[in-house]
Every structure is written in C-alpha cells, then in structure tokens.
Peer 1: 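Take this structure first; my questions come after.
Indexing begins at 1, ligand by ligand and atom by atom, following the structure's order.
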Amino acid sequence: MQEAIRKLLERDAGEREFQQAVREVLGTVAPFLARLPQPVAQGLLERIVEPERVVSFRVPWVDDRGRTCVNRGFLVEMNNALGPFKGGLRFHPSVTQSILKFLAFQQVFKNALTGLPLGGGAGGADFDPKGKSDAEVMRFCTAFMQELYRHVGPRVDIPGGDIGVGAREIGYLFGAYRRLANRFEGALTGKGLAWGGSLFRAEAAGYGCVYFASELLASRGLGLEGQVCLVSGSGNVAQHTAEQLIRSGARVVTLSDSSGHIYDRDGIDGEKLAFVKHLKNVRRGRIREYVEKYPSAVYVPVDPSLDHHPIWSHRADLAFPCATENEIGEQDAYRLINHPIKLVCEAANMPCTPEAVQIFAGKHILFAPGKAANAGGVAVSGLELVQNSMRLSWQGEEIDARLKLLMKGIYRTCLEAAEAYGCPGDLLRGANLAAFEKVANAMLDQGVA
Ligand code: NDP
Ligand code: 2IT
C-alpha cells in the first residue's frame, strides 16, 4: 500500500502537508479497498487524491499608506460526491496550495462523518491580518471576493472560517459577495446573527471537541471534573474549547499564540477567559499580555532553537492542541506520555505529526482524531445553511442539543467502524474507514465522474 500511495503522490512532489494528510487516510483504508476489484480500487484512489478543481488567483489591494500589495489567493474544491464543496478559508502568511489541499482533503472525510450532505474544500490566501487596520482587512477581503464570488454559492461551494478568518472577515467577505452576486443568500457560513448566521457557530468547534472528549473519557469511566488540561492557541477554537472545559469543571492551565505560551497553575477561570477573548477578538493583542494582568502566571516565548514546544512539558491529564498543524511532534509526544497524559484530543486540523500519533498509540493513550473531534464547527455551519434555506433561525438550545447529538453520533460511527474492520477502540482508523467508505461508495455509485 505504501508503494501505491507513493506512486499516487508522485505528481504532488513538494506538497508536504498534502502528502502527510493523504498518507494518514490512505494508510488506514486497505481493509475497505480489499473488498473492491483491484482496477476499481486503483481508479478510486487516483480520483480521490485529485482535486475536482484548484483556482489560484492574484489579490491586489491598497494599504493605508497607498501602497499596492499583491497576495496569492486559492480555492481548492476537493470532492463533491456527497454535497456542495464546504470548508474553511484561511488567511495566514504560511498559506500555500499544499496547506489548502491538506485542509480540503481532510475536510472531505470530516464532512462525511457529520452525516450532513456536504462535500469538502478549502480556500484562503497568504495574507496576514495581524497588524492590519480594519480598513486594510476590508479592502483585502473585497479584493479576494472579486475572484471568489465566481466560484461560490449555496449550491456550489460554501466557505466558512479557519485561521485568520473570523466574524470580522466573514462580514467583509459577505458584504462584497452580496454586491457582486446581487443576491442575498447563504454563500458563506459564520455570518453575523442578524444577517443569516447561526447561534453557536462560533462556539461549535471548541464545544464539540469537549463533547467528543467527554464521550471518549466516559468509555473508560472517567470525567472532565478536576482534570488538568493543556490548551494551545488562543483563537476561536482554543477559546471555546477552554470555555467548555472550564464549565465542565476541568482546570485549563495554558493558552498560546505564535509568539509564546502562558502557564497559569491556578487555572484559567471564566473571568480570565473573558479577558483573553477581549484581548484577542477586540484588541487583537498578544497572549503575553495575560501575565501583565495576572502576574502569578508565567509567559514562555517561543524558542526556535528547541526541538520541542515547551507548552506540552507542563504536567497535565488532558491535551487539546487548538492552534495549527504539526504542533505536537515526536519530542512533545514523549513528554506528554511521561506525565502521563490520559487523552490527546485534536481540536486543530492535523496538530499531531504521524510520529506523535504512533507514540500515543504505542502507549494506548486515548486519542481523538481531528477529523472527528473538531467536526462540530463544520456541522453547525451545515445547520446554518439549513436555516438559510428555510429562511428562519433556530434557538441556541436547539442547536447546542443538535451539536451534542452530532458529536455523540460521530463518536459512535468511529467506534463501530473500528469494531467492524477489526481494530476495536482505534478511533483514527475508525474515523478514516467510516468516512472513506461513505465517500468512496458515493463516488462508485455515481460512475467515473
Ligand atoms: P484562529 O485564527 O482563531 O486562531 C489560531 C490560533 O493559533 C492563534 O492563537 C494563532 O496565534 C495560533 N497559530 C496559528 N498559526 C500558528 C502557527 N503557525 N504557529 C503557532 N501558532 C499558530 O483560528 P481557529 O481557532 O479558527 O483555528 C485553529 C485550528 O483549528 C486550525 O487548525 C483550524 O484549521 C482548526 N479548525 C478551525 C475551525 C473553525 O471553525 N474555525 C473548525 C475546525 C478546526 P497567532 O495569533 O499568533 O497567529
Ligand atoms: O476545519 C474546519 O472544519 C473549518 N475550518 C470549518 C469550516 C466550515 O465550513 O465551517
């Protein structure tokens, strides 16, 4: 199988993140493929790693000093066998085609697990919203949408948020879409509540992760109460993961951004989290300011000379990586298993390297794979679309109840697939096999399309 995957990816040489994501999924689906005649399986694999469409475009805009800036925008439409393309938009200087292909590939299988009729995609640009004025961000979003509007729409491709794309950016993008398309329709998710957004969309990815982790812990007779938790990041997913952990009686002791992390041994409570939300979402400041406000906490700046990330060295029971891909490497995993950590829940997309995942598996650490655990975000995006089509909005309690049910359902789906394919308890294989089976069967039903 490894050789077959290598051959499949020959054309994508240099796309490191995409290759990593493909290997992770295809490396586990041999038991499903073995049921198909060899030529059918081969044709399926060749189609599944090839995006339906990749659009790359110039995004020219003018900064506050009157200078012309040019960024590179992308839209990756990976697979629409189950429904219209859907995935996040990422604005970050590190964005490349490889990163968006990895996100889009993962999204295909994540969306399949939600049970909603959604295909998978992703988009974004190498634009850095950090340090830009609101007016600059708006000009960039307007310029980005000048190309994107040709490709998106409620029946075609419906992007939502991801790193660097939150409520502000979705607002500017939607404003531009509405004017360019001359239609008011659900072409984006994560919208404001007054103009087609859904209650609980902002909370969904983080809350959903905690609901998933809670199911997994319960299977071992454990609960969240009193558990010491490491949370990385301080953006949308980290804030809401921390919020739901705190509500569940767990003790969150870390948060981070790309410059460093804070460690608060007393625990981050509701009031401290409200400070972080204001710092990050309104003042757009840095996490180091936490220790100016709460001096008993410590701040540790990033040290690029280290072979590990010190945030994972603090003793804890549970780890929730909520920042970005590959933030838990081999050396971090060794530290985590020594605590010993009881559970690692991937709230970000692909935050654990393949080596780290192997180390956790070797020690039978409970492991919640991102495509299952963080699917609550896109699932509530799916519910936002349903509300838009029906031209109504549901109450918050109704959506939270649906989110809980969805996360329970995803957990059960992974567990049952793992059981059916002879790897009981292995949620990563279970998630991949259940999702791959669903997407593959839809593709086979629809012929060579
Ligand atoms: P945000 O932009 O709101 O927050 C991202 C956080 O991660 C920030 O604290 C940021 O720090 C940090 N970060 C970003 N890039 C890096 C990096 N290269 N190195 C270190 N830290 C970094 O994004 P989200 O919270 O929305 O997304 C976080 C993760 O969750 C991503 O993997 C995303 O794909 C995934 N995800 C998001 C969903 C959503 O609905 N938004 C749903 C499911 C998954 P800084 O401010 O310094 O950049
Ligand atoms: O990774 C993800 O699932 C997201 N960034 C959410 C995408 C969405 O369409 O809501």
Side-chain angles (χ1 to χ4, degrees), residues 17 84-95 99-100 102-111 113-114 116 118-124 128-131 152 157-170 186-191 197-198 200-209 212 231-242 255-262 276-277 279-281 284-288 301-302 304 309 311 320-328 346-352 370-385:
E17 296 84 4
F85 302 106
K86 171 116 199 74
L89 290 177
R90 179 176 289 193
F91 291 166
H92 193 274
S94 65
V95 162
I99 290 195
L100 296 179
F102 123 63
L103 286 170
F105 190 76
Q106 281 230 327
Q107 199 80 42
V108 171
F109 302 104
K110 182 194 305 191
N111 292 0
L113 288 174
T114 65
L116 300 171
L118 299 171
D128 189 359
K130 272 203 280 294
V152 300
D157 188 336
I158 315 108
D162 194 80
I163 291 177
V165 178
R168 174 183 61 170
E169 289 75 18
I170 293 288
L188 292 164
T189 58
K191 300 186 289 298
S198 173
F200 273 92
R201 172 59 190 93
E203 292 83 353
Y207 282 19
C209 267
F212 192 94
V231 174
S232 65
S234 50
N236 172 283
V237 177
Q239 290 171 16
H240 296 104
T241 297
L255 285 172
S256 70
D257 59 24
S258 53
S259 313
H261 78 268
I262 58 108
V276 172
K277 283 187 175 180
L279 171 71
K280 285 286 168 182
N281 308 347
R284 301 191 187 272
R286 308 301 296 159
I287 200 68
R288 84 175 102 75
V302 165
H309 302 93
I311 187 170
F320 291 84
C322 300
T324 194
E325 56 274 6
N326 294 329
E327 53 173 313
I328 296 186
E346 291 194 314
N349 284 311
M350 208 166 74
C352 300
K371 66 173 76 62
N374 74 32
V378 75
V380 174
S381 277
L383 301 183
E384 180 173 330
L385 293 176

Peer 1: K110 to ligand 2: N or O pair under 3.5 Å?
Peer 2: yes
Peer 1: Test your reading of the model: is there a side-chain donor-acceptor pair from N236 to the backbone of A202, 3.5 Å cut-off?
Peer 2: yes
Peer 1: Considering heavy atoms of the protein only, find what lies nearest to atom 35 (C) of ligand 1 and give residue, atom and distance to 0.1 Å.
Peer 2: N349 ND2, 3.7 Å
Peer 1: Please list, in number order, the atoms of ligand 2 under 4.0 Å from a heavy atom of D162.
Peer 2: 1 (O), 5 (N)
Peer 1: Please check this pair: side chain of H309 against backbone of I311, looking for a donor-acceptor N/O pair closer than 3.5 Å.
Peer 2: no
Peer 1: In ligand 1, which numbered atoms sit nearer than 4.0 Å to a non-hydrogen atom of S256?
Peer 2: 9 (O)
Peer 1: Can we say E325 and R90 salt-bridge, meaning some charged N sits less than 4.0 Å from an Asp/Glu carboxylate O?
Peer 2: yes
Peer 1: State if R201 counts as touching ligand 2 under the rule of any non-hydrogen atom under 4.0 Å.
Peer 2: yes
Peer 1: Heavy-atom distances under 4.0 Å are what count here, so tell me which part of S232 touches ligand 1: side chain, backbone, both or neither.
Peer 2: neither
Peer 1: Consider every N or O of G161 and every N or O of ligand 2, then say whether any pair is closer than 3.5 Å.
Peer 2: yes
Peer 1: I need the nearest protein heavy-atom contact for atom 16 (C) of ligand 1: residue, atom name and distance, please.
Peer 2: T324 CG2, 3.7 Å
Peer 1: Record the part of E327 in heavy-atom contact with ligand 1 below 4.0 Å; permitted values are side chain, backbone, both and neither.
Peer 2: neither
Peer 1: Mark up the atoms of ligand 2 that fall under 4.0 Å of a heavy atom belonging to G88, in ascending order.
Peer 2: 5 (N), 7 (C)
Peer 1: Under 4.0 Å from any heavy atom of S381, which atoms of ligand 2 are there?
Peer 2: 8 (C), 9 (O), 10 (O)
